[in-house]
Q: 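Provided herewith is a single structure, encoded as structure tokens, for subsequent inquiry.
Side chains included, hydrogens not; waters and symmetry mates left out as well; all remaining heavy atoms used. Starting from 1, each residue takes its place in the sequence as its number. These figures come from a predicted structure and were not determined experimentally.
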Amino acid sequence: MTTHLSPPTASGPAPKPPGRSPRALWHLGVNAVVVAWLALFAAVATAHHFLPHSSWLLVHVLLLGAVTNAVVIWSGHFAASVLRLPEANRGAPAALRLVCLNAGAVAVMGGMLTGRWHAVLAGGCLVAAAVTAHAVWLVRLLRRALPGRFSMTVRYYTAASALLPAGAALGVVMARGGLAGDLSDRLLIAHEMINLLGWVGLTVAGTLITLWPTMLRTRVAEGAERAGRTALPVLLVGLAAAVAAALLAPPPLAAVGVAGYAAGLVVAGRPWLREARAKTPNSFAAWSVAAGCLWLAGSLTALGGILLSTTSWTTVTERTSLLTAPLAAGWIAQVLLGALSFLVPVVLGGGPAAVRAAAAGLERAWPARLAVTNAALLLCVLPVPSMVRVACSLLLLVVLLHFLVLLVLTVVRGLRNRRRAARGDADPGSAPAPAPAEVPAAPHRVLGGVAFGLAVVVLAVAGGGAVDARSLPVVERSAATGADGGVVKPTGLTTTVDVTIRGMRFSPSAVDVPAGNRLVVRLRNTGTDTHDLVLETGARTDRLTPGKRGTLDAGVVGRDLSGWCSVVGHRQMGMVFAVRVTGTRGPDTVDGTGSEEVGGTTHDHGGGTHDHGGGTSGGTGGSAAEAFDPMAEPAEGFTARDAELPPATDGPGSTLHKRTLTVKEAEAEVAPGVRQTLWTFDGTAPGPVLRGRVGDTFEITLVNDGTIGHSVDFHAGALAPDRPMRTIQPGKSLTYRFKATRSGVWMYHCSTMPMSLHIANGMFGAVIIDPPGLPEVDREYVLVQSESYLGEQNGTADAGKVKAKEPDMVAFNGYANQYDHDPLTARTGERVRIWVLAAGPNVGSAFHVVGGQFDTVFREGAYDLRPGGSERGGAQVLDLAPASGGFVELSFPEAGSYAFVTHVMTDAERGAHGVFRVR
């Protein structure tokens, strides 16, 4: 028989006279919280480019916000229904649990965004407390109730609620940072398994035992209860094995646990298949839940493959990030929206006709919506050009907003009709007309809706490809010309070669192709950075992140061709490729390059993640170097970068400094009338100055909001560089923790190759660690000297000039001659300390103050000169090699303007010049 989880249903008893049911108002009120979180998710998705930790925030707004609230609300509702205690899931205790849960979720997200771990800890404790109280309430409910046929559903909810606090604890530990080795990767995988497969997965499995046949309006399959009881221990054992392996063992052992969990789902799901065969789904709710379950099955299969294919948990973490969209949007979001579309009309009530009318309102255009959702999501998962992925993401966002609008309109209309009916003045035209118990959609309308949805996705793909034209397949006719300019005769044969990227090289770096053959290059990136392959004809692969593959179809080849990696600076570092045409016709062999196809075509469009931004030095035209005039005046009201150095934190060592550095691409003026697109830490070049004392600990979270891979290397820390200094791709983050054990002026910079270019384009900064007993002075300034290799206006640095060591400009704190126009200040007799770092990347500094003499010189961790010596000596220059630093101290004897320069005079004339104005 059909189990009626939320009476009255379409086949339930006759309703009471319509009015404001307390139960209905309660459910509408608490589910408004779920809708609010979904609306926030849509807002974050819209503005994610402007938010820190945007990927993390999107996932947690959906899962910790919307889904966790929905789980607590509806598991309470279903538990009370199957135990025949319908009023048990309301009241002050339930409301308090929800308040605690949402306060904790807000605290967790706020703490992560602001870098306050204690807020994350407090929020995690609140979330764990709320869900633990929910689990205790479920147990008490079980004990109160009489034995019921489907009471095992409540046991699923209890097990799920017991798991979430463990997952929350792992999340809090990861937020704290400072984890050695691959522990952070292990904790992340365990955290995701517990929360997704445990908290969400067990809840969904337990609910579908009764909700699925109710959605289909069919009888519960024979043996469904027994299957549910059998599946629960299998699911728990499989999950426990997977989590234990994630924490203690290599990845292949975790695959065994995942397989066990999948086996538990198969046991539980066999009755669901029988029910679907007995009554084919014909509604948005049922098809949305079914589609979500298919995405879960595919994701578990992919997860098992990932775990079996590597012994590195770091690799597992990188690869499982590809499953975020299938699990979050494909599985969880579709199940949630499907369940809401079925349950909200039942909660609104008002009689069978009103329920059917509300359901019809939520199911408008459902075939098209489902087609758009799943086709667009599939394209987001597949290796498509980045603009196509953006277009599909926008479609998913539009579908979500459309559902939220339908939901709000349906609720408002239902409440209005109930109020009118209660007053006895309902508008006959607005009252839902009686309808049959079930009106299945016409097959042609379903197929037409699906076709319309797919057409929308096709148009989005076409639009995305048009915007990002360079990602589209290129058939370049000029490649078919011979060396003499004549058109070569095609042979009809295809030469297919395998090329591997290793470090900063293509292997092989040259291939031989018979004239007239078609050339197909299958490229695999085994390096640690993003790369591509571009031929001079314009044929190219997409940008490939580490571990990805792509295919370049060069078409018919009749002449020698040059190729290279188009990421800025990589070509100059030797990432070049050559196609050599031979006179041989017919079948050929490509020595050492892999496969050869004769008379046919091999296509291998394997898994690349595409990144089409920021890779070239393209600007708006015109040479920035020609626009640079050392004598030019900045615009009126110009303000130089503040060079004053705030004091170190008071107190002894062992202070913890937590900071988030976000990689940003920023267009900035670097001299009057000269603009460059810089790669920066936190939007400025140089990046923020960090200061501490010997013994302090620094915990830096690097977030890459750029369009290519970046990293960070802190000279102030002594530790193995393998993991903390690794390159991270756009949208990723890492935590870098080090202890300052020695004093000095230490450089930090991006260490992604080509390192010289990344530094030259703005990715550098200073960490100042005070020597013990450093005396106080009246003023402290910090000057970071660097050189610029100007490309086009608004473009990036010229990699060729960097390689040739031919700078156009040298500056203190990133802007040529800025302290000539906005001088640093001091008073006569004041003691002034000037910290100097020579950031390079290629040029050192000979820092000198014209008219001043230094009585203190501290260079690279030691004093070269201190006042009070018998020699009565002084110093005229602080000489620094690239990446070295120190400080000098002096007092100005009288009022006036004292120029400061690097005494490499050509560099001073290129912009490394400023003034102290002394009064």
Q: Would Arg369 count as a cation-pi partner of Phe284, with NZ or CZ less than 6.0 Å from the six-membered ring centre and within 45° of the ring normal?
A: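 Cation-pi check for Arg369 and Phe284: passes.
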Q: What's the verdict on side chain to side chain contact (heavy atoms under 4.5 Å, CB included) for Leu343 and Leu211, showing C-alpha distance, side-chain angles and the deciding distance?
A: CA-CA 10 Å; Leu343 294 168; Leu211 181 61; 4.2 Å; yes
Q: Which pair of non-hydrogen atoms, one from Ile209 and one from Gly228, has the smallest distance, and what is that distance?
A: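 Heavy-atom minimum between the residues: CD1-CA, 4.0 Å.
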Q: Quick one: do Thr317 and Ser321 satisfy side chain to side chain contact (heavy atoms under 4.5 Å, CB included)? Show the steps, please.
A: CA-CA 6 Å; Thr317 301; Ser321 64; over 6 Å; no
Q: Distance check, rounded to the nearest 0.5 Å: Glu363 atom CD versus Leu406 atom CG?
A: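 One finds 10.5 Å between CD of Glu363 and CG of Leu406.
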Q: Does any non-hydrogen side-chain atom of Thr735 lie less than 4.5 Å from one of Met174?
A: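 No - every pair of side-chain heavy atoms lies 4.5 Å or more apart.
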Q: Under the side chain to side chain contact (heavy atoms under 4.5 Å, CB included) rule, what do Leu370 and Gln334 come out as? Steps first, then yes or no, please.
A: CA-CA 9 Å; Leu370 273 176; Gln334 288 204 98; 3.7 Å; yes
Q: To the nearest 0.5 Å, what is the distance between CG (Leu170) and CE (Met193)?
A: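 Answer rounded to 0.5 Å: 12.0 Å.
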Q: Report yes if the side chains of Tyr157 and Leu142 come closer than 4.5 Å at any heavy-atom pair, otherwise no.
A: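 When only atoms from C-beta onward are counted, Leu142 and Tyr157 do not touch, as no gap falls below 4.5 Å.
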Q: With a 4.5 Å cut-off on side-chain heavy atoms, are Ser283 and Met215 touching?
A: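 They are not in side-chain contact.
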Q: Quick one: CG on Asn195 to CG on Leu163, what's the gap to the nearest 0.5 Å?
A: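 Result: 9.0 Å between the selected atoms.
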Q: Backbone N or O of Leu187 within a donor-acceptor pair of the His191 side chain at under 3.5 Å?
A: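 No, the answer is negative, given that no donor and acceptor are paired below the 3.5 Å cut-off.
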Q: Indicate the atoms forming the closest heavy-atom contact of Val131 with Pro165, along with that distance.
A: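 Scanning both residues completely, I find the closest heavy atoms to be CG1-CD, 4.5 Å.
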Q: Looking at Lys279 and Glu275, does any basic side-chain N land under 4.0 Å from a carboxylate oxygen?
A: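 Judged by the 4.0 Å cut-off on N to carboxylate O distance, Lys279 and Glu275 do not form a salt bridge.
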Q: Run the side chain to side chain contact (heavy atoms under 4.5 Å, CB included) check on Trp295 and Leu327 step by step: do they pass?
A: CA-CA 7 Å; Trp295 279 103; Leu327 286 170; over 6 Å; no
Q: Using only atom types and a distance under 3.5 Å, with no angle test, would you say the side chain of Arg144 pairs donor to acceptor with the backbone of Leu83?
A: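 No; zero donor-acceptor contacts below 3.5 Å.
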Q: Using salt bridge (Lys or Arg N to Asp or Glu O under 4.0 Å) as the criterion, list what pairs up with Arg186, not counting sequence neighbours.
A: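 Here the qualifying residues are Asp182.
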Q: Any side-chain heavy-atom pair from Val200 and Leu63 closer than 4.5 angstrom?
A: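 No, their side chains stay 4.5 Å or more apart.
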Q: Can you find a pair of side-chain heavy atoms, one from Leu38 and one from Leu337, that are under 4.5 Å apart?
A: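 When only atoms from C-beta onward are counted, Leu337 and Leu38 do touch, with a gap below 4.5 Å.
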Q: Is a side-chain donor or acceptor of Ser341 paired with a backbone partner of Gly338 at a separation under 3.5 angstrom?
A: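 Between the backbone of Gly338 and the side chain of Ser341 there is a qualifying donor-acceptor contact (under 3.5 Å).
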Q: Provide the closest heavy-atom pair for Gly304 versus Ala255 in the form atom of the first, atom of the second, distance.
A: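 So the two residues come closest at O-CB, 4.0 Å.
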Q: Starting at OH of Tyr156, measure out to OG1 of Thr158 and round the result to the nearest 0.5 Å.
A: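 Here the interatomic distance stands at 12.5 Å.
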Q: Quick one: does Thr68's side chain get under 4.5 Å of Leu101's, heavy atoms only?
A: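 SC-SC contact between Thr68 and Leu101 confirmed.
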Q: Please report the interatomic distance CG(Leu188) to CG(Leu183), rounded to the nearest 0.5 Å.
A: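 It is 11.0 Å, given to the nearest 0.5 Å.
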Q: Is the Trp137 ring parallel, tilted or perpendicular to the His134 ring (thresholds 30°, 60°)?
A: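 It falls in the parallel class, under 30°.
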Q: Work out which heavy atom in Leu400 is nearest to a heavy atom in Ala42; give both atom names and the distance.
A: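 Scanning both residues, the minimum pair turns out to be CD2-CB, 4.2 Å.
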Q: Measuring only between side-chain heavy atoms, which start at C-beta, is Leu64 closer than 4.5 Å to Met109?
A: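 Side-chain contact under 4.5 Å: yes.
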Q: Roughly how far, to the nearest 0.5 Å, is CG of Leu401 from CG of Leu396?
A: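 These two atoms lie 11.0 Å from each other.
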Q: Taking the side chain as every heavy atom from C-beta outward, state whether Leu265 and Leu235 have any atom pair closer than 4.5 Å.
A: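 Counting from C-beta outward, Leu265 and Leu235 do come under 4.5 Å.
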Q: Under the side chain to side chain donor-acceptor pair (under 3.5 Å) rule, what do Arg319 and Ser309 come out as? Steps first, then yes or no, please.
A: CA-CA 11 Å; Arg319 294 178 181 175; Ser309 64; 2.9 Å; yes
Q: Identify the heavy atoms of Ala290 and Trp212 that sit nearest to each other, and give their distance.
A: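 In this case the closest contact between Ala290 and Trp212 is CB-CH2, 4.1 Å.
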Q: Grab the two heavy atoms, one from Val220 and one from Ala224, that are nearest each other, plus how far apart they are.
A: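 Val220 and Ala224 have their closest heavy atoms at CG1-CB, 3.6 Å.
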Q: Got more than 12 heavy atoms from elsewhere within 6.0 Å of CZ, Arg270?
A: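 12 or below, so no.
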